[in-house]
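In what follows, a structure is listed as structure tokens, so that the remarks can point back to it.
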Amino acid sequence: MASIERDLTFPVDGQLLMVLPRAGASINNPDVHLPILRSDGDGYYLEMRVEADTNDAGEVAVIRRVPLEDLTTDEWEELKQQYDSLDLETLAAQGIAKGLEKIQDRKIQRLFMALLTFLNPRQVGIVLYLYKLADEQNNGPVVTFRSNNLLENLGYSRTKGGSFHAKVRSQLNRDLVALHRVELVLAKSLREGNKIGAEVIIKSILRIKSYKIENLSRDFDLAKAADYTYELADSYTVSLEFFEGSSRTGDYVLFAGDVDVTQKLGSNTKNDYRTKLLIYLASRLKWDSPQDGQYLTISKQYLFKNLDLLGSNSSRNNQIFWRTVEELQQEGYILGAQELPGKRKTPSIQFQINPQKLRPSAV
DNA sequence: TGTTCAAGGCTGGACCGTAG
DNA sequence: CTACGGTCCAGCCTTGAACA
């Protein structure tokens, strides 16, 4: 029984899921502040704050930040100068790529890009895939994988020669380095996170422990590849920093082993509502701890915010939302969903989750 | 409220060139 | 030869605005 179960599902850390939608909140989210440069006794940081929304316990405060410890004084001055010349307001309105195109220095451009698009659905897909591998490899939080296998699982196609395109390879290295380099600052006990003076923890999603280059003639530097070039190592060994797995504390959510992390051709990861909804539902399973483990009632306002459905046309937002629910229903994660008549004009949605595809650990 | 239209952002794959 | 680097652009999808 237990082994069958393990074949069909894999555990993803509960604390990570609780914080994931917040940690990856986009620039359009009203709780998100624009990036700032900050220095304190410990060093320099480029950081983005996500403020808590006190009307809902799950909308906790999180800071995501890139430590800039290896910057020279000149680089720090240049970074400050580039930062001052940025029009951060139009960056949100006109798109991130557009907003950053004036920055000449590629490293600075990529730094902002990494922070602004942190934990987008493509990166979340990578994280899910790594938790699945951790379960298969049974080596605790340590996972070893071949880059090409990961690209394959993300649904990318190969060139005529059989390799992957330089741009996708490069994006993968940048994603991995972002998951390694960006630190999350959050309350140690998320459920009490809004209290003043709460103890904080600082963690990355993963740490890259080592990597391999099979063609020895290539000389590869992880940071340089992420900051300046289009390179990718052939394999990586990483350690998942949020990891309870199936250990005795048992704080996790089981995901279906056939979870789809492929990137759809022609589509755009920031519009991957299906992955956002899946993760948000998993997150709410941890926050709400429903007695039956199946029924979740979530206000539409918070659903829309966490799906980044923040456009001005509410009927269109509704269309996209229900289309997304339909997708997860087709995949079997959701057994049913219905809109509950709203108290004071705040309608909510009741979901019935399929415990065979998504199930929290017993509380 | 929902539809239609035009404009434009983001992604990845085609193509081609280059370095080692 | 393979992997990297750059340019171009089609396809998907969203957005704001106008309108029924």
Side-chain angles (χ1 to χ4, degrees), chain A residues 24 26-29 87 89-102 104 106-107 109-110 112-114 116-126 146-148 150-175 177-178 211-236 261-277 300 304-305 307-324 326-327 339 342 345 347:
Chain A
S26 87
I27 197 95
N28 300 314
N29 189 309
D87 186 351
E89 305 294 337
T90 60
L91 189 145
Q94 299 201 22
I96 293 170
K98 193 97 175 196
L100 295 179
E101 77 186 358
K102 281 185 210 147
Q104 294 304 312
R106 179 179 275 179
K107 178 177 179 178
Q109 201 178 57
R110 286 186 175 184
F112 275 95
M113 183 68 92
L116 289 163
T117 65
F118 187 61
L119 281 176
N120 64 18
R122 184 186 55 243
Q123 288 181 8
V124 168
I126 292 171
R146 295 187 58 76
S147 303
N148 282 357
L150 179 45
L151 289 170
E152 189 102 24
N153 274 275
L154 290 171
Y156 293 118
S157 53
R158 292 169 183 266
T159 62
K160 276 177 263 175
S163 59
F164 286 95
H165 288 97
K167 275 194 352 192
V168 227
R169 293 169 54 79
S170 166
Q171 187 60 62
L172 178 56
N173 185 65
R174 274 179 275 162
D175 284 338
V177 170
Y211 51 85
K212 271 189 196 152
I213 299 295
E214 278 155 24
N215 181 351
L216 290 176
S217 72
R218 280 163 63 203
D219 114 64
F220 178 84
D221 179 279
L222 192 67
K224 182 171 140 272
D227 291 337
Y228 292 110
T229 73
Y230 284 75
E231 296 161 288
L232 174 72
D234 295 309
S235 67
Y236 293 81
V261 298
T262 59
Q263 304 298 297
K264 307 293 175 278
L265 178 61
S267 149
N268 178 329
T269 193
K270 94 177 194 193
N271 304 322
D272 181 358
Y273 300 109
R274 174 251 173 220
T275 299
K276 288 183 208 170
L277 180 57
K300 245 177 148 176
F304 280 29
K305 189 166 83 174
L307 293 187
D308 228 33
L309 281 173
L310 300 163
S312 55
N313 188 332
S314 63
S315 84
R316 182 152 52 196
N317 294 341
N318 257 302
Q319 273 181 3
I320 294 172
F321 171 72
W322 286 109
R323 188 188 70 202
T324 308
E326 176 70 21
E327 278 176 60
E339 184 153 349
K345 289 187 182 176

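The structure displayed is predicted, hence computed values, not measured ones. Naming convention: chains lettered A, B, ... in sequence-line order (proteins, then strands); numbering from 1 in each chain.
Using a 4.0 Å heavy-atom criterion, one finds that A:A97 contacts the sugar-phosphate atoms exclusively. Here A:K264 lies out of heavy-atom contact (under 4.0 Å) with every strand. Residue-level contact check: A:S170 touches neither bases nor backbone, having no heavy atom under 4.0 Å from any strand. Heavy atoms of A:N318 sit nowhere under 4.0 angstrom from any nucleic acid atom.
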What protein N or O atoms touch nucleotides 7-9 of chain C N or O atoms at under 3.5 angstrom, if any, and at what distances?
{"residue": "C:dC8", "atom": "N4", "partner": "A:K167", "partner atom": "NZ", "Å": "3.2"}

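Under the side chain to side chain contact (heavy atoms under 4.5 Å, CB included) criterion, A:Q171 pairs with A:R122, A:R174, A:D175, not counting sequence neighbours. Not a single ring pair (Phe, Tyr, Trp, His ring centres under 6.0 Å) links A:Y156 to another residue, sequence neighbours left out. Remark: A:F164 engages no residue in a ring pair (Phe, Tyr, Trp, His ring centres under 6.0 Å) (not counting sequence neighbours). A:R158 pairs by the side chain to side chain donor-acceptor pair (under 3.5 Å) definition with A:E152, not counting sequence neighbours.
Side chain to side chain, A:N29 and A:S26 fail the donor-acceptor criterion of an N or O pair below 3.5 Å. Between the side chains of A:N317 and A:S315, no donor-acceptor pair is found at a separation under 3.5 Å. In this structure, a donor-acceptor pair under 3.5 Å is absent between the side chains of A:S147 and A:D234.
Across residues 267-274 of chain A, A:S267, A:N268, A:T269 each have a non-hydrogen atom less than 4.0 Å from an atom of DNA chain B (numbered order).
Residue A:Q319 places no side-chain N or O under 4.0 Å from the OP1 or OP2 atom of B:dT1. Within the 4.0 Å cut-off from OP1 or OP2 of B:dG12, at least one side-chain nitrogen or oxygen of A:Y156 is found. An OP1 or OP2 oxygen of C:dA3 is reached within less than 4.0 angstrom by no side-chain nitrogen or oxygen of A:R169. Contact annotation: A:R316 does not reach the phosphate of B:dT4 (side-chain N/O to OP1 or OP2, under 4.0 Å).
Geometrically, A:R110 engages A:Y230 in a cation-pi contact, judged by NZ or CZ lying under 6.0 Å from the ring centre and within 45° of the ring axis.
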